[in-house]
Amino acid sequence: FQKVIRKAYVPGEDRGENDVEHSYKLAMIAWYLVEAYKLPLDTNKIVKYALTHDFVEVHAGDTVVWDTEAVKTKHAREAAAQKQLAQDWKEFPELHALIDAYENRVDEEARFVYALDKLFFLFPEYLADWRTIIELKVSYIEELENKMEKTKIHPVVHEWCLQVFDELKKEE
């Protein structure tokens with residue numbers, strides 16, 4: 001999992017973050033937000049979803065949303081990866097159940113983590129001076145619109161997304 005290097009840069013460093021770093025940070029921020037805002041969500045589930053949400057990337061690799069060729073094969077690669085994980089980790093049925101539940105957004109916790117994962121990308125990207133989207137030749141507006149659309153799956157996260165965008169527009 002640590003060998004899966006994401007396109008997003010680690011703020012202040014000249015390297016992409018890996019999936020372990022990303023998942024840990026997402027788990028911590030999700031846990032914090034659920035507690036700080038007293039959201040009626042199962043914190044245990046939230047943390048587990050955040051830690052496992054990208055686990056299929058062990059076999060499928062990370063897919064950048066702006067890589068149109070990779071996006072075409074993402075679903076098939078991740079489905080095959082999920083089957084491989086089931087073979088690799090036969091003794092860990094909860095892992096597979098969590099991955100499946102997250103992928104299908106079966107409950108509010110899965111939708112919360114999914115939406116937060118999309119919004120959360122903006123913070124390290126902002127701290128890294130938008131380096132990833134500049135290198136990908138994606139406009140700031142395209143990136144924001146992409147994130148806004150994906151956060152709609154959870155109303156609380158979407159509201160936070162709107163607030164973040166309002167703040168970012170001031171710096172545009």
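Taken together through direct or relayed side-chain contacts under 4.5 Å among Ile, Leu, Val, Met, Phe, Trp and Tyr, F165 and F123 form part of one hydrophobic cluster. By the rule that hydrophobic residues join a cluster once side-chain heavy atoms approach within less than 4.5 Å of another member, V138 and L127 end up as members of one cluster. There is no path of hydrophobic side-chain contacts, each under 4.5 Å, that joins Y9 to F120. Cluster annotation: L119 and Y126 are assigned to the same hydrophobic cluster (Ile/Leu/Val/Met/Phe/Trp/Tyr, side-chain heavy-atom contacts under 4.5 Å, transitive). A continuous path of Ile, Leu, Val, Met, Phe, Trp and Tyr side chains, each step under 4.5 Å between heavy atoms, connects Y114 with L162, placing both in one hydrophobic cluster.
Side chains of F112 and D107 form no contact here, defined as non-hydrogen atoms less than 4.5 Å apart. Considering only heavy atoms from C-beta on, K118 stays 4.5 Å or farther from I153 through its side chain. Residues L144 and L122 meet the side-chain proximity criterion, which asks for heavy atoms closer than 4.5 Å. Within the 4.5 Å cutoff, the side chain of V156 has no heavy atoms near those of the Y37 side chain. For the pair L26/L116, a side-chain contact is recorded, criterion being any heavy-atom separation below 4.5 Å from C-beta on.
Atom CD in E149 sits 10.0 Å away from atom SG in C161 (nearest 0.5 Å). The NZ atom of K38 sits 13.5 Å away from atom CG of L41, with the distance rounded to the nearest 0.5 Å. Note that NZ of K25 is 4.0 Å distant from CD of E17, once rounded to the nearest 0.5 Å. Taking CG from L95 and NZ from K48, the interatomic distance works out to 10.5 Å, rounded to the nearest 0.5 Å. Once rounded to the nearest 0.5 Å, the distance linking CG of D117 with OG1 of T151 reads 11.5 Å.
Taking both residues in full, the closest heavy atoms of P11 and P124 are given as CG-O, 3.6 Å, listed atom of the first, atom of the second, then distance. Smallest separation of non-hydrogen atoms from A101 and A110: O-CB, 3.9 Å. The minimum heavy-atom distance between V64 and V71, with the atom names listed, is O-CG2, 3.7 Å. Nearest heavy-atom pair across L51 and F1 is O-CE2, 3.9 Å. Shortest non-hydrogen contact noted between G16 and V10 is C-CG2, 4.0 Å. Nearest heavy-atom pair, A30 versus I46, reported as atom, atom and distance to 0.1 Å: CB-CG2, 3.4 Å.
Ionic pairing of R111 and E108 is not present here: no N-O contact between side-chain nitrogen and carboxylate oxygen is shorter than 4.0 angstrom. Salt-bridge check for R131 with E135: passed, with a basic side-chain N closer than 4.0 Å to an acidic carboxylate O. Between K7 and D67 no salt bridge is recorded (no basic side-chain N to carboxylate O distance below 4.0 Å).
A donor-acceptor pair under 3.5 Å links the side-chain atoms of S139 to the main chain of E142, judged by distance alone. The backbone N or O of V20 sits nowhere less than 3.5 Å from a side-chain atom of S23 that would complete a donor-acceptor pair. The backbone N or O of D42 lies less than 3.5 Å from a partner atom in the side chain of E109, making a donor-acceptor pair. Listed for the E21 side chain is a donor-acceptor partner under 3.5 Å among the backbone atoms of N18. At least one donor-acceptor pair closer than 3.5 Å links the side chain of R77 to the backbone N or O of A60.
Around CH2 of W31, the count of heavy atoms belonging to other residues, nucleotides or ligands within 6.0 Å does not exceed 12. Counting non-hydrogen atoms of other residues, nucleotides and ligands closer than 6.0 Å to CD of Q163 gives a total above 12.
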Q.
Checking E143 against T132 for the side-chain contact (heavy atoms from CB on, under 4.5 Å) test, could you report, in this order, the C-alpha distance in whole Å, the side-chain angles of both residues, the deciding distance, and whether it holds?
A. CA-CA 10 Å; E143 181 67 17; T132 304; over 6 Å; no

Q: Could you walk me through whether F55 and L98 pass side-chain contact (heavy atoms from CB on, under 4.5 Å), step by step?
A: CA-CA 10 Å; F55 208 70; L98 283 165; over 6 Å; no

Q | Steps toward side-chain contact (heavy atoms from CB on, under 4.5 Å) verdict (T63, E57) | A | CA-CA 8 Å; T63 303; E57 292 180 3; over 6 Å; no

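Using cut-offs of 30° and 60° for the angle between ring planes, the Y49 and Y102 rings count as tilted.
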If you look only at distance, which donor and acceptor atoms sit under 3.5 Å apart when one is on a side chain in residues 79-91 and the other is two or more places apart or in another chain?
{"unit_1": "Q84", "atom_1": "NE2", "unit_2": "D88", "atom_2": "OD1", "d": "2.7"}
{"unit_1": "D88", "atom_1": "OD2", "unit_2": "H59", "atom_2": "NE2", "d": "2.6"}

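A cation-pi arrangement, defined by a distance under 6.0 Å to the six-membered ring centre and an angle within 45 degrees of its axis, is present between K147 and F121.
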